[in-house]
Amino acid sequence: MSDERGQFFEQKLANLKALEEIGVNAYGKRFETTSTLEELRDGFKEGQIVKAAGRMMAYRGHGKSIFIDMKDKSSKMQLYFQKNIIGEDNFNIFKKIEIGDIIGVEGETFFTRMGEPTLKVESFTLLSKSLLPLPEKWHGLKDVEIRYRQRYLDLIVNDEVRQVFKTRSMIIKNIRNFFDSKGFLEVETPMMQSLAGGATARPFETFHNALGIPLYLRIAPELYLKRLLVGGLERVYEINRNFRNEGISRRHNPEFTMLEVYQAYADYEVMMELTETLVSELAKMVWGDTKREMKDGNVLDFTVPWKRITLTDAVKDVCSVDFLTVEDPHKAARECDIEVSPEMTRDEILTQAFESFVEGNLYQPTFITEYPASLCPLAKTIDDKPNLTARFELIVRGQELANAYSELNNPVEQRKRLMDQLDKSDDKNKRIDEDFVKALEYGMPPAGGLGIGIDRLVMALTDSDSIRDVILFPQLKPEAVDTKSENE
RNA sequence: GGGUCGCUAGCUCAUCAGGUAGAGCACCGGCCUUUUAAGCCGGUUGUGCUGGGUUCAAGUCCCGGGCGACUCACCA
């Protein structure tokens with residue numbers, strides 16, 4: 001093999017030249033089709049004259065006739081070429097066309113002897129010659145590394161992968177419809193921020209040359225969306241990317257898509273109902289039902305209402321300890337086999353216990369409520385429980401899918417809570433977003449805010465185990481080796 | 001970043017007592033005008049991820065490196 005493109009490249013290139021020598025343009029232009037293959041298939045009738053285009057996926061030659069399978073964006077259909085229909089010259093040209101090539105055809109529909117809906121081709125055009133072999137037709141492409149790095153191959157060959165991304169698109173479209181119909185305004189706020197606020201993750205840093213300042217890719221849009229509440233927009237949402245400079249895993253991609261919603265004059269309980277309605281409607285759209293049996297054998301059930309339980313009770317059910325009131329939380333944690341360090345606060349131990357023992361086992365949609373105020377600086381506290389917040393996280397299939405709270409709109413308290421958080425931070429360069437607090441000082445209406453991780457929602461609704469299966473181009477380490485770092 | 005596992009033809013996989021590599025599909029040539037994982041006959045295909053080491057001999061054993069999957073940590 002003299003070329004990394006493989007042994008067949010030269011062969012196919014020779015095929016291409018042979019075609020060009022007899023005057024065939026191997027890279028055609030516009031081709032108007034009359035219907036997609038799916039449209040043809042639905043209510044298939046014999047005797048229709050149609051034009052279609054797509055990629056040749058299989059070839060079955062029979063001497064003076066040839067069957068091929070052609071795939072377009074919607075479906076697959078068998079085509080039939082006969083020497084005495086298209087003529088000897090064209091028939092010989094067609095023999096040079098290979099699996100992987102993209103063609104346009106015109107012909108008449110008919111059923112074969114075996115009852116297969118087929119298009120009897122009367123004329124064809126080569127639209128694009130493929131120079132590299134496709135993965136195998138029967139086993140498809142399984143190597144996940146190739147599937148992610150060369151997603152185009154994955155999409156050509158694996159129909160179920162196509163379907164996942166069509167579903168993803170449908171879900172996002174329906175989310176937009178849902179909020180638009182309720183009077184929400186879709187907005188776009190900065191992805192590049194001079195201060196990465198609204199969450200606690202490590203940001204990606206970049207630099208603006210003309211301004212001469214560092215900028216951060218946003219870790220959340222929250223503080224900007226709340227400025228819009230101050231601005232009187234009252235109901236806003238944004239569906240866009242967040243960037244977090246953290247580890248990559250089955251559930252984490254450095255850039256991921258987040259829906260954030262803010263509704264003035266509402267609270268986190270309104271957000272709960274909104275979430276229930278939205279997600280159960282999406283389930284009906286995708287599944288035709290609010291529940292479905294998953295690959296792991298469990299039936300995931302989004303039928304409303306969903307279970308609601310406080311964080312403390314959820315932990316108490318499993319560990320039999322009330323970490324809010326237990327005298328020595330460190331001791332109690334050790335007795336429950338929770339890994340804690342001496343400097344952890346009571347609140348941190350509580351959430352640690354939840355993450356260690358409860359979260360992973362919550363399969364059905366469950367609202368976990370009343371998170372400790374010390375860990376939620378942007379959430380409003382509960383009137384008679386000043387150390388707890390009016391917040392919920394939605395857990396589905398053992399992972400966080402949504403997060404919402406009654407937004408803190410008291411600027412004095414907001415400043416104090418942000419400062420408290422800053423004091424605990426290791427990073428002494430961090431500042432609080434003064435302009436955000438200033439905005440609150442002008443007056444923000446009480447509001448409910450909600451964030452839903454779109455990738456994880458799509459994972460649940462498409463029964464995907466890895467976030468890489470719902471992101472077209474997930475982040476991977478580059479294949480190319482940097483020679484300088486080679487022998488470290 | 002740590003741990004475990006993986007990497008053999010374009011793809012899916014074999015070879016595993018260390019003796020210098022195979023099958024199916026794809027591809028090339030021949031036959032075949034309703035096949036559909038078409039069929040029949042013949043054929044080509046590999047720095048066995050990479051770099052060292054042990055050995056008469058390494059895909060196979062040992063060590064370094066790369067990438068990936070899972071997992072722990074960080075986080076959503």
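In what follows, chains are A, B, ... by sequence order, proteins preceding strands, each numbered from 1.
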Note to self: Whether the A:T312 and A:T310 side chains hold a donor-acceptor pair (N or O, under 3.5 Å, no angle test) is what I'd like checked.
What the structure shows: no

Next item on the list: Return yes if a side-chain donor-acceptor contact under 3.5 Å exists between A:R55 and A:S130, otherwise no.
Entry: no

Interatomic distance at [atom1], [N] relative to [M], whole Å:
N	M	atom1	answer
B:C11	B:U50	P	14 Å
B:G68	B:U55	P	35 Å
B:G3	B:U47	P	31 Å
B:C7	B:U15	P	11 Å
B:G24	B:U33	C1'	28 Å
B:A14	B:U34	P	38 Å
B:G2	B:C16	P	34 Å
B:A9	B:G59	C1'	14 Å

Looking at [X], I'd like to know whether one of its side-chain N or O atoms comes within less than 4.0 Å of OP1 or OP2 on [N].
X	N	answer
A:N245	B:C74	no
A:R113	B:U35	yes
A:R250	B:U71	yes
A:R468	B:C70	yes
A:K477	B:C67	yes

Next item on the list: Tell me, with the steps shown, if A:Y237 and A:I452 meet side chain to side chain contact (heavy atoms under 4.5 Å, CB included).
Entry: CA-CA 11 Å; A:Y237 73 98; A:I452 296 181; over 6 Å; no

Under 4.0 Å, counting only non-hydrogen atoms across every strand here, what does [X] touch: a base, just sugar-phosphate, or nothing?
X	value
A:G247	base
A:S249	nothing
A:L476	sugar-phosphate
A:G140	sugar-phosphate
A:I146	sugar-phosphate
A:D143	sugar-phosphate
A:D465	nothing
A:R147	nothing
A:Q399	nothing
A:Y148	sugar-phosphate

Next item on the list: Would you state whether a donor and an acceptor, one from the side chain of A:T112 and one from the base of B:U35, lie under 3.5 Å apart?
Entry: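 Under the 3.5 Å cut-off, the side chain and the base do form a donor-acceptor pair.
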
[X] side chain: which of [options] is closest?
X	options	answer
A:E145	B:A37, B:U33, B:C67	B:C67
A:N84	B:A26, B:U33, B:C11	B:U33
A:L141	B:G10, B:U12, B:U33	B:U12
A:Q78	B:U36, B:A26, B:U33	B:U36
A:K96	B:G29, B:C32, B:C28	B:G29
A:F8	B:G68, B:G10, B:U12	B:G10
A:E116	B:C70, B:U36, B:U12	B:U36

Can you tell me the Watson-Crick or wobble partner of [N], both distances under 3.5 angstrom?
N	value
B:G42	B:C28
B:U36	none
B:C61	B:G53
B:C70	B:G3

Starting at [atom1] of [X] and ending at [atom2] of [N], how long is that distance when rounded to a whole Å?
X	N	atom1	atom2	value
A:R202	B:G1	CZ	P	12 Å
A:N253	B:G68	CG	P	12 Å
A:I85	B:U34	CD1	P	12 Å
A:E46	B:U34	CD	C1'	12 Å
A:K120	B:U34	NZ	P	11 Å
A:L134	B:U12	CG	P	13 Å

Note to self: Check A:R151 with A:D154, please: is the shortest side-chain N to carboxylate O separation under 4.0 Å?
What the structure shows: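 Looking at A:R151 together with A:D154, the answer is yes, because their closest N to O distance falls below 4.0 Å.
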
Checklist line | Presence of salt bridge, A:R391 and A:E393, under 4.0 angstrom | finding: yes

Next item on the list: Look up atom OH in A:Y80 and atom CD1 in A:I85, then write down how far apart they are to the nearest 0.5 Å.
Entry: 7.0 Å

Check: Hey, what do you get for CZ (A:F204) to CG (A:N245), rounding to the nearest 0.5 Å?
Finding: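 Here the rounded value is 4.0 Å.
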
Margin query: Reading RNA chain B from 5' onward, which residue's closest nucleotide shows up sooner: A:G115 or A:H139?
Written below: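 Its nearest nucleotide being more 5', the pick is A:H139.
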
Note to self: Both A:Y80 and A:P254 contact RNA chain B. Which one's nearest nucleotide lies toward the 5' end?
What the structure shows: A:Y80

Checklist line | Min side-chain heavy-atom separation A:T366-A:V358 under 4.5 Å | finding: no

Check: Is A:R227 positioned over the aromatic face of A:Y224, cation under 6.0 angstrom from the ring centre and no more than 45 degrees off axis?
Finding: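 Yes, A:R227 and A:Y224 form such a contact.
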
